[in-house]
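Only this structure's heavy atoms are used, side chains among them; waters, hydrogens and symmetry mates stay out.
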Amino acid sequence: MTPAEFDKAKATQYDNSHAGWIVIKEDYTQKCMKEYVFEELGYFTESQCEAIKKCLQGESMMDFDITWSSYVGNCTLIVRTDYQVENPQEIKNFFLHCALGKILDLQRR
């Protein structure tokens with residue numbers, strides 16, 4: 001299903017593979033966003049996830065929406081964006097690039 005078909009159907013469910021499209025409603029507008037799960041980074045605490053969200057939410061041209069999935073306090077980072085690419089790894093690499101850039105920026109202060 002393409003993002004346009006998804007938006008047209010106004011679906012509210014998404015594929016449980018964590019690579020499906022999801023609708024985010026903001027002030028009567030809808031964004032069709034795709035989720036990217038960072039299982040390869042291991043687990044974070046909720047406070048670490050909140051700090052990551054505070055630093056990188058809405059960052060860059062990809063307008064990242066950051067959330068996490070918690071299982072008994074072990075959180076897996078999830079990044080959503082409506083930016084479209086053919087290879088999902090490009091989104092993950094760019095997010096990590098932004099995160100490292102933010103760390104370097106904070107280090108210089």
Side-chain angles (χ1 to χ4, degrees):
M1 178 182 292
T2 66
E5 291 169 333
F6 187 84
D7 190 43
K8 187 176 181 181
K10 296 189 186 329
T12 57
Q13 61 186 10
Y14 63 96
D15 181 1
N16 285 333
S17 69
H18 298 294
W21 291 96
I22 181 170
V23 172
I24 306 293
K25 294 182 179 180
E26 297 176 347
D27 301 307
Y28 305 106
T29 61
Q30 293 182 347
K31 282 184 168 181
C32 193
M33 303 183 91
K34 196 165 184 179
E35 288 187 339
Y36 300 89
V37 180
F38 282 83
E39 293 171 336
E40 60 271 21
L41 294 181
Y43 296 110
F44 296 94
T45 64
E46 286 212 33
S47 61
Q48 289 171 324
C49 289
E50 288 170 2
I52 292 169
K53 181 174 181 146
K54 184 179 177 185
C55 285
L56 296 169
Q57 179 77 21
E59 195 70 25
S60 85
M61 64 185 180
M62 292 190 185
D63 192 25
F64 296 122
D65 179 42
I66 299 163
T67 188
W68 54 91
S69 172
S70 179
Y71 180 75
V72 193
N74 296 316
C75 302
T76 304
L77 191 65
I78 301 170
V79 174
R80 299 176 185 150
T81 184
D82 59 353
Y83 196 85
Q84 296 182 26
V85 295
E86 288 186 28
N87 182 358
Q89 192 61 43
E90 290 180 43
I91 299 289
K92 290 182 173 187
N93 290 345
F94 191 76
F95 178 79
L96 292 174
H97 175 79
C98 289
L100 289 172
K102 191 66 134 179
I103 290 169
L104 294 173
D105 204 26
L106 292 171
Q107 182 68 29
R108 283 186 228 145
R109 293 182 190 178

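Contact record, Glu86 with Pro88: O-CD, 3.5 Å, taken as the closest heavy-atom pair. Considering every non-hydrogen atom in both Cys55 and Lys102, the closest pair reads O-CE, 3.2 Å.
Following chains of ILVMFWY side-chain contacts shorter than 4.5 Å, one cannot reach Leu106 starting from Ile66, and the two form parts of different hydrophobic clusters. At a threshold of 4.5 Å between side-chain heavy atoms, the hydrophobic network of Ile, Leu, Val, Met, Phe, Trp and Tyr places Trp68 and Val79 in two separate groups. In the hydrophobic cluster analysis, where Ile, Leu, Val, Met, Phe, Trp and Tyr join through side-chain heavy atoms closer than 4.5 angstrom, Leu56 is grouped together with Tyr83.
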Could you walk me through whether Ile78 and Phe38 pass side-chain contact (heavy atoms from CB on, under 4.5 Å), step by step? CA-CA 6 Å; Ile78 301 170; Phe38 282 83; over 6 Å; no
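The line from CZ of Phe44 to CG of Asn74 is 11.5 Å long, rounded to the nearest 0.5 Å. Note: Lys54 NZ to Ile52 CD1 = 13.5 Å, rounded to the nearest 0.5 Å. Ser70 contributes atom OG, which lies 10.5 Å from atom OH of Tyr43 (distance to the nearest 0.5 angstrom). Separation of atoms CG (Leu77) and CZ (Phe95) is listed at 5.0 Å; rounding is to 0.5 Å. Atoms OG1 and CD, from Thr67 and Gln57 in turn, are 9.0 Å apart once rounded to the nearest 0.5 Å. Taking CG from Asp65 and CD from Glu35, the interatomic distance works out to 9.0 Å, rounded to the nearest 0.5 Å.
Shown here are the salt bridge (Lys or Arg N to Asp or Glu O under 4.0 Å) partners of Glu40, two or more places apart in sequence or in another chain: Lys92. The side-chain contact (heavy atoms from CB on, under 4.5 Å) test applied to Ser60 returns Met62, Phe64, Phe94, Cys98, not counting sequence neighbours. Listed by chain and residue number, Asn93 satisfy the side-chain hydrogen bond (donor to acceptor under 3.5 Å, both in side chains) test with Gln89 (two or more places apart in sequence, or in another chain).
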